[in-house]
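Reviewing the structure listed below.
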Amino acid sequence: FILHLIDAGIALLRSHAHHRNHGLTSLPTVGRDKVLRTLQYFARFFAWYLYRTNRPQSSIAPFEAIKKQFGLTRKILRVGKFVEHLKAAAVAFDNKGPVDPVLRYLAVGRQLGYAGYLFIDTVTVVDAIGVKKLATAKKLQATAYRAWLAGLVCSAVASVYTLWRLQEKEKTVDRKEGEGVVEAKKIEKSVPFPSPPNSLSCFSGLTDIRFCRERATTRTQLVSDLCDITIPISSLGLANLDDGLVGIAGTISSLIGLHS
C-alpha cells in the first residue's frame, strides 16, 4: 500500500513538472523524497494520535516504524544535496540584477543555512545507518537543526518583508486619478473572471497582476516555513511541542511541497 502511494505521488509530480516544462532528469529522487516526507510526518502525527487515544502498542508500532525508516531513507537520499544549496547561495550573492539588498542577503542566509544543515546531515549518515558510530552524533545533529532553523528564519523573514513591500506598492496606486485609473483598468482586463463590483478581490489596488501572484506565492511559502520551523525548535527543545503538532505541521508543509 505504501509503495503504491509513493508511485502515485511520483506520477503526479512527473505530470505536474511536464505541464510546467520542467526537466525530468532528477524528478524521481526529488519526487520520492517529497512523498516519503509527507508519509513520514503523517505517520508521526498518526502514531501520536493512536497513543493519545489509548490504542495498543501493536497498532502504534507500524507507524513508528514508517516514521523511523522513511526518515532514514530520506537522510540517505539527501547525501550530497548541500552542494546545490551552496551553488544557490553563490548565485544569490553574485546577483547583479535590480534585487532588493535585504532580500538578496536573506536569500544567501537561507541557502547557507540549508547547506549547513544538509552538510552535517550527510556527515551523520554513517552513524544513522550503523556503519560507524560517532560519539558526537547528537551534537552534530543539534548543530544541523540550528543551521536549518537559521535558514527557515531567513526564508520566513524574507516572506514577511516581501508581503510588506507589496503592501507598500499597493498604496502607490491611486485608482481615482491619472495613471491609477489606467493601471486599474489594465488589471481588470487581465483577469479572466472579473469579480463583481465591491467584492473582495486580490487584484484590488495592485498595479500589476504579477503582484497578486507574488503575494499568493509568498503567503504559501510563509505558511510552509512556519510549519517547518516547528521541527527544529521541537528537536532542539526550544519549545515544548508534542509529536501531534509537529507531525501535522510537517504534513502540511510536505503537501505544499508536493503541490508546488
Side-chain angles (χ1 to χ4, degrees), residues 1-13 28-79 81 114 117-149 151-152 223-260:
F1 173 71
I2 296 299
L3 291 176
H4 283 309
L5 281 177
I6 295 173
D7 291 337
I10 293 171
L12 177 63
L13 285 166
T29 300
V30 175
R32 192 175 295 272
D33 179 72
K34 289 183 177 182
V35 176
L36 286 173
R37 189 182 196 273
T38 304
L39 295 174
Q40 175 193 354
Y41 281 101
F42 179 76
R44 182 171 181 172
F45 162 75
F46 202 64
W48 169 86
Y49 170 77
L50 292 175
Y51 174 77
R52 291 299 298 267
T53 52
N54 298 317
R55 298 300 176 88
Q57 184 61 33
S58 58
S59 298
I60 302 173
F63 295 96
E64 291 285 359
I66 290 174
K67 178 183 72 172
K68 181 179 179 180
Q69 295 303 321
F70 282 13
L72 178 59
T73 302
R74 291 184 57 241
K75 191 181 187 75
I76 296 171
L77 290 174
R78 291 195 299 263
V79 170
K81 196 176 179 181
Y114 293 167
Y117 165 67
L118 291 170
F119 173 74
I120 301 172
D121 192 63
T122 297
V123 172
T124 59
V125 164
V126 292
D127 179 86
I129 63 177
V131 172
K132 182 180 180 180
K133 289 298 178 182
L134 302 177
T136 58
K138 289 186 177 180
K139 290 183 178 180
L140 286 172
Q141 197 60 55
T143 303
Y145 278 126
R146 291 189 186 95
W148 185 22
L149 179 59
L152 288 170
V223 170
S224 178
D225 290 335
L226 292 177
C227 287
D228 279 341
I229 281 175
T230 63
I231 302 168
I233 66 173
S234 174
S235 299
L236 292 170
L238 301 177
N240 186 22
L241 306 178
D242 58 42
D243 272 4
L245 177 59
V246 176
I248 200 65
T251 302
I252 292 171
S253 64
S254 298
L255 289 173
I256 291 173
L258 278 170
H259 183 267
S260 62

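Sequence positions, counted from 1, serve as the residue numbers for this chain.
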For Ile231 against Gly250, the heavy-atom pair lying closest together: CD1-CA, 4.5 Å

Heavy-atom side-chain proximity of Arg44 to Phe70 below 4.5 angstrom: no

Spacing of CD belonging to Gln40 relative to NZ belonging to Lys68, to within rounding of 0.5 Å: 13.0 Å

Rounded to the nearest 0.5 Å, how far does CG of Leu72 lie from CG of Leu36? 11.0 Å

What's the shortest heavy-atom distance between Gly151 and Tyr114, and which atoms? C-CE2, 3.8 Å

Separation between CG of Leu245 and OG of Ser234, rounded to the nearest 0.5 Å: 8.0 Å

What's the shortest heavy-atom distance between Ala43 and Ile66, and which atoms? CB-CG2, 3.7 Å

So, does Thr124 use its side chain to make a donor-acceptor pair with the main chain of Ala137 at under 3.5 Å? no

Which atom names give the shortest non-hydrogen contact between Leu50 and Ser59, and what distance separates them? CD1-O, 3.5 Å

Just by distance, no angles: are the side chains of Ser253 and Arg37 close enough, under 3.5 Å, to form a donor-acceptor pair? yes

Drop me the distance from Thr230's OG1 to Asp228's CG, to the nearest 0.5 angstrom. 7.0 Å

Is there a donor-acceptor contact under 3.5 Å from the side chain of Lys34 to the main chain of Gly257? yes

Between Leu149 and Arg146, does a side chain to side chain contact (heavy atoms under 4.5 Å, CB included) hold up when you go through it step by step? CA-CA 5 Å; Leu149 179 59; Arg146 291 189 186 95; 5.5 Å; no

Check: Tyr49 ring centroid to Phe46 ring centroid under 6.0 Å: yes

Kindly compute the distance separating CD1 (Ile233) from OH (Tyr145), expressed to the nearest 0.5 Å. 12.5 Å

Nearest heavy-atom pair of Tyr41 and Val246: which atoms, and what distance? CD2-O, 4.1 Å

From Arg52 atom CZ to Asp242 atom CG, the distance as rounded to the nearest 0.5 Å: 6.5 Å

Taking all atoms of both residues into account, what is the closest heavy-atom pair of Pro232 and Leu152, and its distance? CG-CD1, 4.1 Å

Apply the test side chain to side chain contact (heavy atoms under 4.5 Å, CB included) to residues Tyr51 and Glu64: give CA-CA distance (whole Å), side-chain angles for both, the deciding distance (0.1 Å), then the verdict. CA-CA 11 Å; Tyr51 174 77; Glu64 291 285 359; over 6 Å; no

Taking Asp127 for the side chain and Leu134 for the main chain, is one N or O donor matched with an acceptor at less than 3.5 Å? yes

